[in-house]
Amino acid sequence: MFRTRLLSGILLVIIALATIMAGNGILAVVLCLISLIAYGELVKACGTHEVNEDFREKQITAGHTSFWFVHGGLHAPEYIGMFMTILYYILLYCSLWYGRENGEGLVAVYPVIMIAVVVTLIVMLFMYVFTFPRYHASRIMSAVFAYLYAPVMLSFIYLIREGFDQGKYLVWFVFLCSWGSDTCAYAVGVLIGKHKMTPKLSPKKSVEGAVGGVVGAALLFVLYTQFVINAYSETYLQLLLVAGLGAAGALVSMVGDLAASAIKRDHDIKDYGKLIPGHGGIMDRFDSVIIAAPLIFIGLMFM
């Protein structure tokens, strides 16, 4: 298991390196695919595809025994979410291109994000109303939540990479504060961890490990900034501010990890999927990255 997990992790790093260095359309397409998979994993975990049981029984009683009515399958909330995810990334790509061509930069992107979220909610409500009582309100809410949680949050990786002048350097902050802090937290927790942080949610995580992850991320940010960004890019960042961003990113990453675990426990599942051997699904591997990306974007906006 350890060998499989290690090899999968190395392959993920190689793919991430190649994709992010390439940037532009390649990164947009890859992130869109990852977002679609993550969205599918979330709605499956939350049971969004399940039909109102009273509605199902009425359909069976009326003689409707097709797969669509009896077994669930892929339904309107998933179709809408997936379609809006693809449309969202297309609009992001086009708006960033427009912003670069007209000197507007990220300013051209902000309306796109707002419009995409609002339109998705409106379309979901239309579907809910005109198919009532096929779906419970909780299913529609979880579909909207999954759209915001995975596709929209993950898109900030693309916004950092393509929206900032030195994005090809800055985007690695996201992975340093998620995967880097996780590694530091694990090492410190194994060595000196004694006090459980969230015993009911994640018994193996310790307070000492969390502190190690925060301090480790801050140190990684400082080293990366000093020897890579400030040395080779055209951007100069203050090390104290960078350390603070790394610490904040590590804290948020831990919350993202625990939140994804909480969703799994709420719905009694072990992993979100089996796509990545030894790791599970996209949500199992990118749970901390998803929530770290927006925070790093916000931090960089004020540096």
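Only heavy atoms go into these numbers, but all of them, side chains included; no hydrogens, no water, no symmetry mates.
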Between Glu234 and Asp165, does the side-chain contact (heavy atoms from CB on, under 4.5 Å) criterion hold? Intermediate values first, please.
CA-CA 9 Å; Glu234 298 176 5; Asp165 291 337; over 6 Å; no

Verify whether the ring centers belonging to Phe164 and Phe297 lie closer than 6.0 Å.
yes

Provide the closest heavy-atom pair for Ala150 versus Leu42 in the form atom of the first, atom of the second, distance.
CB-CD1, 4.1 Å

Any chain of hydrophobic side-chain contacts (each under 4.5 Å) joining Met21 to Val30?
yes

Any link between Val215 and Val188 through a network of hydrophobic side chains (Ile, Leu, Val, Met, Phe, Trp, Tyr) touching at under 4.5 Å?
no

Is there a path of hydrophobic side-chain contacts, each under 4.5 Å between heavy atoms, that joins Met301 and Ile296?
yes

Parallel, tilted or perpendicular for Phe173 and Phe221, by the 30°/60° rule?
parallel

Residues Ser155 and Tyr88: side-chain donor-acceptor under 3.5 angstrom:
yes

Using 0.5 Å steps for rounding, measure from the CG atom of Leu239 to the OG1 atom of Thr225.
6.5 Å

Any Trp172 side-chain heavy atom under 4.5 Å of Ile20 side chain:
yes

Surrounding CG of Asp268 (heavy atoms of other residues, nucleotides or ligands, distance under 6.0 Å), is the total greater than 12?
no

Using the side-chain contact (heavy atoms from CB on, under 4.5 Å) rule, take Val117 and Leu148 through it: C-alpha gap first, then chi angles, then the decisive distance, then the call.
CA-CA 8 Å; Val117 171; Leu148 293 173; 3.6 Å; yes

Rounded to the nearest 0.5 Å, how far apart are CZ of Phe175 and OH of Tyr224?
11.0 Å

Should Met124 and Phe145 be regarded as members of a common hydrophobic cluster, given that ILVMFWY residues are connected when their side-chain heavy atoms come within less than 4.5 Å of each other, either directly or indirectly?
yes

Evaluate the side-chain proximity of Met254 to Val214: yes if any heavy-atom separation is below 4.5 Å, no if none is.
yes

Contact check, side chains of Tyr158 and Leu96, non-hydrogen atoms, under 4.5 Å:
yes

Any heavy-atom pair between the side chains of Leu251 and Val255 that's under 4.5 Å?
no

Atom OH in Tyr128, atom CZ in Phe132: separation rounded to 0.5 Å?
5.0 Å

Under a 4.5 Å cut-off applied to non-hydrogen side-chain atoms, are Tyr149 and Ile263 in contact?
yes

d(Thr19 OG1, Ile34 CD1) to nearest 0.5 Å is 7.0 Å

Derivation of the side-chain contact (heavy atoms from CB on, under 4.5 Å) call for Arg100 and Glu162:
CA-CA 9 Å; Arg100 285 194 297 264; Glu162 296 300 320; 3.5 Å; yes

With rounding to the nearest 0.5 angstrom, report the CD1 to CZ distance, Ile269 to Arg265.
11.5 Å

Are Phe302 and Leu300 grouped together when hydrophobic residues (ILVMFWY) are joined by side-chain heavy atoms under 4.5 angstrom apart?
yes

If you round to the nearest 0.5 Å, how far is CH2 of Trp179 from CG of Leu176?
11.0 Å

Do Leu191 and Glu208 have side-chain heavy atoms sitting under 4.5 Å apart?
no

Stepwise side-chain contact (heavy atoms from CB on, under 4.5 Å) check, Leu237 with Leu245:
CA-CA 11 Å; Leu237 300 177; Leu245 181 60; over 6 Å; no

Is any side-chain heavy atom of Leu295 less than 4.5 Å from a side-chain heavy atom of Ile291?
no

Any donor-acceptor pair under 3.5 Å from Asp257 side chain to Ser288 backbone:
no

In a check of side chain to side chain contact (heavy atoms under 4.5 Å, CB included) between Cys32 and each of Ile86, Leu154, Ile90, which one passes?
Ile86

Side chains of Met84 and Val119 in contact at under 4.5 Å (non-hydrogen atoms):
yes

